[in-house]
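Some notes on the structure that comes next.
When reading the values below, keep in mind they use all heavy atoms of this one structure, side chains included, and skip hydrogens, waters and symmetry mates. Remember, it's 1-based here, ligands and their atoms both numbered in the order they're listed. Remember, predicted model here, so these are calculated numbers, not experimental data.
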Amino acid sequence: MGDINTVGIVGSGIMGSGLVEVAARSGFEVVVRSRSKQGADAVVAGVTKNLDKQIAKGKLDEAERDAVLARITATDHLGHLAGCDLVIESIVEDLATKRELFAELEQIVKADGILATNTSTLPVVEMAVATQRPDRVCGIHFFNPAPMMKLVEVVRPLTASDDTIKSAMAFATACGKDAIEVTDRAGFVVNALLFPYLNNAVRMLEQGTASKEDIDTAMQGGCNFPMGPLALLDLVGLDTSLSILDALYAEFGDPNYAAVPTLRRLVAAGHLGRKTKQGFYQY
Ligand SMILES: NC(=O)c1ccc[n+]([C@@H]2O[C@H](COP(=O)([O-])OP(=O)(O)OC[C@H]3O[C@@H](n4cnc5c(N)ncnc54)[C@H](O)[C@@H]3O)[C@@H](O)[C@H]2O)c1
């Protein structure tokens with residue numbers, strides 16, 4: 001598998017869990033680190049449940065499931081990431097928190113290890129310069145749900161070496177994904193194009209143009225999208241979506257990126273979408 005054999009995943013949320021599953025199923029040794037051991041163990045339990053579903057569908061056998069699970073180590077210690085060839089962080093979308101983590105990873109992960117972020121919008125270069133190895137830092141942006149979605153955006157900050165980008169592209173390809181290379185601009189390709197649409201769907205709901213169900217039905221039936229914009233916001237997470245819009249607005253100043261009040265109020269109320277079982281819809 002080239003120069004990457006062991007992959008560390010930091011964060012046990014929606015995306016961290018998906019990344020663990022993708023990497024372990026693709027044959028990589030995986031160390032998943034959460035702030036609590038329970039959080040890390042919950043990721044393994046979630047992956048086990050997904051693999052069992054695949055067995056029930058006849059797409060996987062028990063020996064394959066056991067082999068995938070045997071490749072995953074769950075921990076609450078950052079120190080267990082020391083030997084990783086690549087570490088991908090997928091913690092909360094907050095630059096200060098991510099920079100702090102990169103500074104810690106710098107001290108722990110072997111000198112030639114690649115440190116990557118799964119950020120949706122934040123400037124990757126800001127994380128790179130929080131380390132002593134900015135040439136070994138890049139973005140590897142998976143989509144949600146990671147096991148299903150084909151695309152990975154490999155993000156090249158000004159500081160990254162060609163070798164780092166080449167390894168990141170090879171890793172994404174080894175995970176069975178279609179990898180594209182993109183420069184370090186907020187939202188990269190997909191979210192920079194997607195989020196004005198999602199934000200304007202919430203605006204349309206605020207203006208009473210149509211009900212939430214009808215807005216979603218319209219975009220499914222009228223554009224052949226697999227899900228409507230409000231259901232998609234609930235899937236992404238409303239807090240993550242708000243952070244993405246704020247980062248896009250901060251970078252480009254385009255009013256289409258200025259989060260509409262309803263989104264901000266839902267987040268303030270703790271209605272974060274599927275993960276809290278309440279967002280635009282109830283789950
Ligand atoms: N949700 C999506 O659709 C999506 C898609 C692609 C990329 N991303 C990116 O992935 C990253 C994680 O998003 P998510 O949707 O998995 O979020 P999430 O809310 O499901 O998970 C966030 C994780 O961060 C941890 N965390 C929170 N505060 C922390 C702190 N101070 N220090 C360390 N860990 C902390 C939480 O315990 C949790 O494990 C973000 O950078 C996000 O932009 C999200």
Within less than 4.0 angstrom of ligand 1, does Glu89 place any heavy atom?
no
Using heavy atoms and a 4.0 Å limit, tell me yes or no: is Ser34 in contact with ligand 1?
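No, that is not the case, since the closest heavy atom of the residue is not under 4.0 Å from the ligand.
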Determine, considering heavy atoms only, which of Arg35, His141, Glu104, Arg274 sits nearest to atom 36 (C) of ligand 1.
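Result: the heavy atom closest to atom 36 (C) of ligand 1 is in Arg35.
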Looking only at non-hydrogen atoms, which of Leu272, Thr121, Thr119, Ile91 approaches atom 40 (C) of ligand 1 most closely?
Ile91
For [atom], what is the nearest protein heavy atom, given as residue, atom name and distance?
atom	value
atom 6 (C) of ligand 1	Phe142 O, 3.1 Å
atom 1 (N) of ligand 1	Val236 O, 2.9 Å
atom 20 (O) of ligand 1	Ile14 N, 2.9 Å
atom 9 (C) of ligand 1	Asn118 O, 3.3 Å
atom 18 (P) of ligand 1	Lys275 NZ, 3.8 Å
atom 21 (O) of ligand 1	Gly13 CA, 3.3 Å
atom 41 (O) of ligand 1	Glu93 OE1, 2.6 Å

Please could you name the atoms of ligand 1 that [X] approaches to less than 4.0 Å, counting only its heavy atoms?
X	result
Ser12	39 (O)
Ser90	10 (O), 11 (C), 12 (C)
Thr97	30 (C), 31 (N), 32 (N)
Ser120	6 (C), 7 (C), 8 (N), 9 (C), 42 (C), 43 (O), 44 (C)
Lys98	40 (C), 41 (O)
Asn144	1 (N), 2 (C), 3 (O)
Val92	22 (C), 24 (O), 27 (C), 28 (N), 29 (C)

Check the orientation of Phe252 and Tyr257. Use parallel for under 30°, tilted for 30 to 60°, and perpendicular for over 60°.
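The rings of Phe252 and Tyr257 sit tilted, inter-plane angle from 30° to 60°.
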Please state whether the rings of Phe143 and His141 are parallel, tilted or perpendicular, taking 30° and 60° as the class boundaries.
tilted
Are [X] and [Y] close enough that a side-chain donor and a side-chain acceptor fall under 3.5 Å?
X	Y	answer
Asp135	Ser161	no
Asn50	Glu21	yes
Asn191	Thr121	no

Answer yes if Tyr283 and Leu235 sit in the same cluster of Ile, Leu, Val, Met, Phe, Trp and Tyr residues linked by side chain heavy atoms under 4.5 Å apart, and no otherwise.
yes
Heavy-atom donor-acceptor pair, [X] side chain to [Y] backbone, under 3.5 Å:
X	Y	result
Lys98	Ile91	yes
Asp184	Pro123	no
Arg133	Gly113	yes

Looking only at N/O atoms, are Met15 and ligand 1 under 3.5 Å apart anywhere?
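Among all N and O atoms of Met15, at least one is under 3.5 Å from an N or O of ligand 1.
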N/O to N/O below 3.5 Å, does that happen between Phe143 and ligand 1?
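No; the residue has no nitrogen or oxygen that sits under 3.5 Å from a nitrogen or oxygen of the ligand.
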Per the side-chain contact (heavy atoms from CB on, under 4.5 Å) rule, which among Leu95, Leu115, Leu105 passes with Met127?
Leu95
Ion pair Arg99/Asp94, N-O distance below 4.0 Å
no
CG of Asn256 to OH of Tyr197: how many Å apart, nearest 0.5 Å?
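OH of Tyr197 is found 14.0 Å from CG of Asn256.
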